[in-house]
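Chain identifiers are assigned alphabetically (A, B, ...) following the order of the sequence lines, protein sequences preceding nucleic acid strands; residue numbering begins at 1 within each chain.
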There are 2 protein chains.
Amino acid sequence: MASVDRTLVADLPMFAGLAPEQVDRMLQEAQSVRYPKGTNVFQQDGEAHSFFILLHGHLRVFKLTPDGQQVVVRFVSPGEVFGVAMAIGRTTYPATATAVVDSIALVWPSAAWPRLVATHPALAVNTLQTVGSRLQDAHTRVVEMSTEQVERRIAHAVLRLVRQSGRKVEAGVEIDFPITRQDIAEMTGATLHTVSRVLSAWESQGLVEGGRQRIVIRQPHKLFLLAEGLPD
Amino acid sequence: MASVDRTLVADLPMFAGLAPEQVDRMLQEAQSVRYPKGTNVFQQDGEAHSFFILLHGHLRVFKLTPDGQQVVVRFVSPGEVFGVAMAIGRTTYPATATAVVDSIALVWPSAAWPRLVATHPALAVNTLQTVGSRLQDAHTRVVEMSTEQVERRIAHAVLRLVRQSGRKVEAGVEIDFPITRQDIAEMTGATLHTVSRVLSAWESQGLVEGGRQRIVIRQPHKLFLLAEGLPD
DNA sequence: CCGTCTGTTTGCCGTGGCGCAACCAAGTGC
DNA sequence: GCACTTGGTTGCGCCACGGCAAACAGACGG
């Protein structure tokens, strides 16, 4: 097992309040695992054997409904903790996580969680903050889905992706992993068709420019105004 | 300050893993406060000075959008922890909590939280589980809003209310606090009018019976089938 | 007991966005 | 280089809901 350099991860919010030696000791218990593009890191309803920190790549976390529809819960970026099912009192994963590009994650056995939090109480506190902010995100999403129409929901979703994974390019800001219109649809409760129409409209206004699994935001501020429903 | 009998609250999930004396000591730091019907326990964007356990009554927690629309986040029932903004790393409350009936809550100053979790690590673990299950609820709601049409969403909302606060009466199961069609609308992302129409339709099928701020479910199983989209 | 207020019901109409279908374009594998 | 697959675009018709409007009924205060 290749040991992971502490300096890569010691600054993550997950490890706040832990002494460097403590972080080292935790890292020694973790494995670093590769997940090639398209593979599942864990599966909905599968036994929650592990929890993770993403080191490299991007994951798509989604729920599958009984009738086969997918709903994207979130995208995971490097540095984020995920798969903490055990910590929140579950024995199975509530969703599936798939690598959208080749990815690498640190993996701990869930069984180690109780001992780890007992030894490092800060872990529970840090995880509580992480889960708490996800709860707020989820509530924000509920509010948006309750009160906004599709175009604004899509705008909000795109802006969130920009904040989380925006990369500056010549033309503006690009979302730095492959994402389809279908993905955006599954994030916003819209259909592929509607998302496509909206993005096309934005493109013709010079707001964004698109491509296959690619979105570049040319005028983030304009998009923000649109998301907030303000006149521009 | 009236001291609260430990036996009333010691079994709550929040205090799991704490010794009786520890619970006693925590209770000594809490105040028991009355909130008459219609008053706010805390306000959205207000400073998160306290966290709470509801002893008696029912609260309606909602978010207000910039344009004045309300979205109900949840209803709080006796025994539940709420207002844990500080624990999840916020300095202000993300929503408003209003007493829908005369209510009583235990109140701790948020400032005491860091010391309390340091002394009783189990608190962080228990809160993590609570927040975690709320996160799952929120995700369930997102999935429902993304994939189901109104009638099924309303059915799911009503069934959740039944599970949380159902009281057996002669005619069936009644939701044991006053709730309006508008409330249901704000829980499901529908309008008052649509909710009213749906409930009327159910009533004419003998599924439920309604009244002013009152819903009695006469055939919970039928409603469940409807919620799951199964033929009956 | 009456006026008022708040919650509810119901009809009618308009429409946002979904479903379907056809077509197109860019990768990808052989 | 060509077939095939995957993702994207766009037109058309429809319908589930929302918006508006009007009327109603139980609760509450004076």
Colleague: Using a cut-off of less than 4.0 Å, is there contact between a side-chain N or O of A:Ser200 and OP1 or OP2 of D:dT10?
Modeller: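 Answer is yes, contact under 4.0 Å.
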Colleague: For A:Val195 and B:Ala201, take the nucleotide of DNA chain C holding the closest heavy atom to each; which residue's nucleotide lies nearer the 5' end?
Modeller: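 It is B:Ala201 whose nearest nucleotide is closer to the 5' end.
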Colleague: Checking contacts here: which listed nucleotide (D:dG18, C:dG17, D:dT9) is nearest the side-chain heavy atoms of B:Ala190?
Modeller: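 Among D:dG18, C:dG17, D:dT9, the one nearest the side chain of B:Ala190 is D:dG18.
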Colleague: How close or far is atom C1' of C:dG7 from atom CD of B:Gln70, stated in whole angstroms?
Modeller: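 So the CD-C1' distance, B:Gln70 to C:dG7, works out to 15 Å.
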Colleague: Are any of the side-chain heavy atoms of B:Leu59 and B:Phe42 separated by less than 4.5 Å?
Modeller: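 B:Leu59 vs B:Phe42: side chains apart.
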Colleague: In whole angstrom, what separates B:Arg181's CZ from D:dG18's C1'?
Modeller: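 It works out to 19 Å between those atoms.
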Colleague: Per the atom types in the model, does the base of D:dT6 pair as donor or acceptor with the side chain of A:Arg212 at under 3.5 Å?
Modeller: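 Looking at the base of D:dT6, it does pair with a donor or acceptor on the side chain of A:Arg212 (distance under 3.5 Å).
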Colleague: Using whole Å, what does the distance between atom C1' of nucleotide D:dG19 and atom CD of B:Gln69 come to?
Modeller: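 Rounded to whole Å, this separation is 12 Å.
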Colleague: D:dC17, OP1 or OP2 - any side-chain N/O from B:Thr191 closer than 4.0 Å?
Modeller: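 No.
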Colleague: Does A:Arg197 put a side-chain nitrogen or oxygen below 4.0 Å from OP1 or OP2 of D:dT9?
Modeller: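 No, A:Arg197 has no side-chain N/O under 4.0 Å of OP1/OP2 on D:dT9.
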Colleague: I need the CG-C1' distance between B:Leu192 and D:dC17, as an integer number of Å.
Modeller: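 Nearest whole value for this atom pair: 13 Å.
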Colleague: Heavy atoms from C-beta onward define the side chain here; which of C:dG17, D:dA16, C:dG7 lies closest to that of B:Gln213?
Modeller: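 The listed nucleotide nearest to B:Gln213's side chain is C:dG7.
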Colleague: Less than 3.5 Å between a donor and an acceptor, one on the side chain of B:His193 and one on the base of C:dT8, is that the case here?
Modeller: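 When only heavy-atom distances are counted, B:His193 does not reach the base of C:dT8 through any donor-acceptor pair under 3.5 Å.
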Colleague: What integer distance in Å separates B:Gln182:CD from D:dG18:C1'?
Modeller: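 Rounding to the nearest Å, CD of B:Gln182 and C1' of D:dG18 are 13 Å apart.
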Colleague: Please report the distance, rounded to the nearest Å, between CG in A:Asp183 and P in D:dT6.
Modeller: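 So the CG-P distance, A:Asp183 to D:dT6, works out to 15 Å.
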Colleague: For A:Leu199 and D:dT9, what is the distance between atoms CG and C1' respectively, to the nearest whole Å?
Modeller: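 Answer to the nearest Å: 11 Å.
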Colleague: Might you work through the salt bridge (charged side-chain N to carboxylate O under 4.0 Å, His left out) test for A:Arg134 and A:Glu80, ending with a clear yes or no?
Modeller: CA-CA 12 Å; A:Arg134 279 193 217 154; A:Glu80 292 186 51; 5.0 Å; no
Colleague: Could you tell me how the ring of A:Phe177 sits relative to the ring of A:Phe75: parallel (under 30°), tilted (30 to 60°) or perpendicular (over 60°)?
Modeller: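 Correct class here is tilted.
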Colleague: Does a side-chain N-to-carboxylate-O contact under 4.0 Å join B:Asp137 and B:Arg74?
Modeller: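 Not counted as a salt bridge, because no side-chain N and carboxylate O are separated by less than 4.0 Å.
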Colleague: Per the atom types in the model, does the base of D:dG26 pair as donor or acceptor with the side chain of B:Arg214 at under 3.5 Å?
Modeller: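 Donor-acceptor pair under 3.5 Å: no.
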Colleague: In terms of relative ring orientation, are A:Tyr93 and A:His49 parallel, tilted or perpendicular, with 30° and 60° separating the classes?
Modeller: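 Perpendicular: the ring planes of A:Tyr93 and A:His49 meet at over 60°.
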Colleague: Just to confirm, is there a sub-4.0 Å distance from OP1 or OP2 of C:dG7 to any side-chain nitrogen or oxygen of B:Thr180?
Modeller: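 For C:dG7, neither OP1 nor OP2 has a side-chain N or O of B:Thr180 closer than 4.0 Å.
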Colleague: Rounded to the nearest Å, what distance is computed from the NZ atom of residue A:Lys37 to the C1' atom of nucleotide C:dG27?
Modeller: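 Value for this atom pair: 10 Å.
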